[in-house]
Amino acid sequence: MDFSNVDLALGTLTAYDSGSSVSSGSLAYAVGTAVLSQSLDLTQQMGASMIQMMEHSVNPELGGNIDMYV
């Protein structure tokens, strides 16, 4: 999982704490954006997993047995 957006928000938090001109509104926006980005990434991963699961459920017995005749 990529935490670059969270690191960016924490960098903004550090800048805010050090007394720079970052307002609390922009801090809240940066943190909200980072959380939303992480949520979007997680949702995309879950969607890809669900698609893969549904593809395997179409023929779940496929590849489970080998029928050999001599």
Quick one: name the residues clustered hydrophobically with Leu36, using the 4.5 Å side-chain heavy-atom rule over I, L, V, M, F, W, Y, and just say none if it's on its own.
->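 Answer for Leu36: none, a lone residue.
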Members other than Met53 in its cluster, when Ile, Leu, Val, Met, Phe, Trp, Tyr link by side-chain heavy atoms under 4.5 Å?
->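 Noted: Met53 shares its cluster with Met50, Met54.
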Where the side chain of Ser49 meets the backbone of Gln45, is there a donor-acceptor pair that is under 3.5 Å apart?
->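 Checked: pair present.
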Indicate yes or no for a side-chain donor-acceptor contact from Ser37 to the backbone of Thr33 under 3.5 Å, with no hydrogens or angles considered.
->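 Flag not set: sc Ser37 to bb Thr33 has no pair under 3.5 Å.
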Could you list the residues that satisfy side chain to side chain contact (heavy atoms under 4.5 Å, CB included) with Gln52, not counting sequence neighbours?
->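 By the side chain to side chain contact (heavy atoms under 4.5 Å, CB included) rule, Gln52 matches His56.
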Residues forming a side chain to side chain contact (heavy atoms under 4.5 Å, CB included) with Met46, sequence neighbours excluded =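 Listed in chain order: Leu42.
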